[in-house]
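Reckoned from all heavy atoms, side chains included, excluding hydrogens, waters and symmetry mates. Remember, it's 1-based here, ligands and their atoms both numbered in the order they're listed. Residue numbers start at 1 and run along the sequence shown.
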Amino acid sequence: MTTPLLRQVLVQINGSDPRLNEIVSALVAHLHAFVEEVRPTEREWLAGLDFLIETGKMCTPDRNEFILLSDMLGATSAVDDVNHAGPEGMTPSSVEGPFHSPAPARELGAWISSGPERERAVPTVVHGRVLDCDGTPLPGAVVDLWQAGDTGLYDTQDATQDRGNLRGLFTTDADGRYWFRTIRPSSYPVPTDGTGGKLLHAIGRHPMRPAHLHYRVTAPGYRTLTTHVFLAGDPYLDSDAAFAVKEELICRPRPRTEGWEMDGAYEEIEFDLKLVPDDWTEDGT
Ligand code: BEZ
Ligand code: FE
């Protein structure tokens, strides 16, 4: 409902950037509708503003609590959804999360785990192909991979891990294939020591993310694909704190005892990634 007050605000939005005018006008209209619906007391409104101030104070060059809040409220996934339409068969994208950092280039087949987690966790081979949506292999694609250790921490959060542990940059071979050796990923909580954690606690939500590996895949002529692979059977698949799970990204690890240059029992995860050409349009023009 457009109230006289909302009209007064909207009429003054008249900058030189039409898209910015559109965004700010919609934001103001939703904000006014929220106030009309919820009718917050002044004390509640100020508590909300204090929460945002506290969130800003948590932010550093290495930590962005606003991104975490956006992830936890499903807003990052909503933005992802409206920006990544593509052809049938493409691998869906999924949120990047706050823990991407530059990875060391590694040979195909390399171990990405070099710490004590390698003795504790289930050894795992991850392999697959990078393809066009029509199934054409993409040689020379770069697969940037990152995962947390079995304690739920990334190398950048954990002084006991070497930088670059559980990360790798791999280049696909002539058949578009990649493979590497690692440990089985574990489920883990998002950081809960800031306002994001306070909010989750206050609204009765758990902070867990289901076990996953992160991918960012680049190939000339194709859209960069940022996504995850999740492990089937994880108890948090239906309640991911970051709302990043999509059916097509769930993969069941297979128990194995031989092959892939492994000694003894291990698990195998096979995950193909299908990229969308840069020039793809919904109406095929
Ligand atoms: C993660 O994958 O580590 C993550 C993603 C979104 C929010 C917090 C953590
Ligand atoms: Fe993660």
**Q** Where the Fe ion (ligand 2) is the corner point, what angle links OH of Tyr188 with OH of Tyr154, to 10°?
**A**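 An angle of 90° at the metal.
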
**Q** May I ask you to check whether over 12 heavy atoms, not counting those of Asp193, lie within 6.0 Å of atom CG?
**A**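 Yes.
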
**Q** Tell me which N, O or S atom of His212 sits nearest to the Fe ion (ligand 2).
**A**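 His212's closest N, O or S atom to the Fe ion (ligand 2) is named NE2.
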
**Q** Assess the side chains of Thr76 and Asp71: does a donor N or O sit below 3.5 Å from an acceptor N or O?
**A**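 Looking only at side-chain atoms, Asp71 and Thr76 do form a donor-acceptor pair, the distance falling under 3.5 Å.
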
**Q** So, is His228 placed with an N/O/S atom under 2.8 Å from the Fe ion (ligand 2), counting both backbone and side chain?
**A**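 Coordinating: no.
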
**Q** Between Asp155 and Arg167, is there a side-chain N and carboxylate O pair less than 4.0 Å apart?
**A**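 Judged by the 4.0 Å cut-off on N to carboxylate O distance, Asp155 and Arg167 do form a salt bridge.
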
**Q** In plain terms, say whether Glu65 and Lys57 are close enough for a salt bridge, that is, a side-chain N and a carboxylate O under 4.0 Å apart.
**A**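 Looking at Lys57 together with Glu65, the answer is no, because their closest N to O distance does not fall below 4.0 Å.
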
**Q** Check each protein residue for a heavy atom under 4.0 Å from ligand 1 and list those that pass, ordered by chain and number.
**A**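 Contacting ligand 1 under 4.0 Å are Leu68, Asp71, Gly97, Pro98, Phe99, Tyr154, Tyr188, Val190, Arg209, His212, His214, Ala242.
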
**Q** Under 3.5 Å, side chain of Ser187 to main-chain N/O of Ala211, donor-acceptor pair present?
**A**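 The answer is no, because no donor-acceptor pair under 3.5 Å joins these two groups.
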
**Q** Would you kindly say whether His206 and Ser239 are connected by a side-chain donor-acceptor distance under 3.5 Å?
**A**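 Note: His206 and Ser239 side chains meet the donor-acceptor criterion.
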
**Q** Determine whether the aromatic ring centres of His212 and His214 lie less than 6.0 Å apart.
**A**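 They qualify: ring centres under 6.0 Å apart.
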
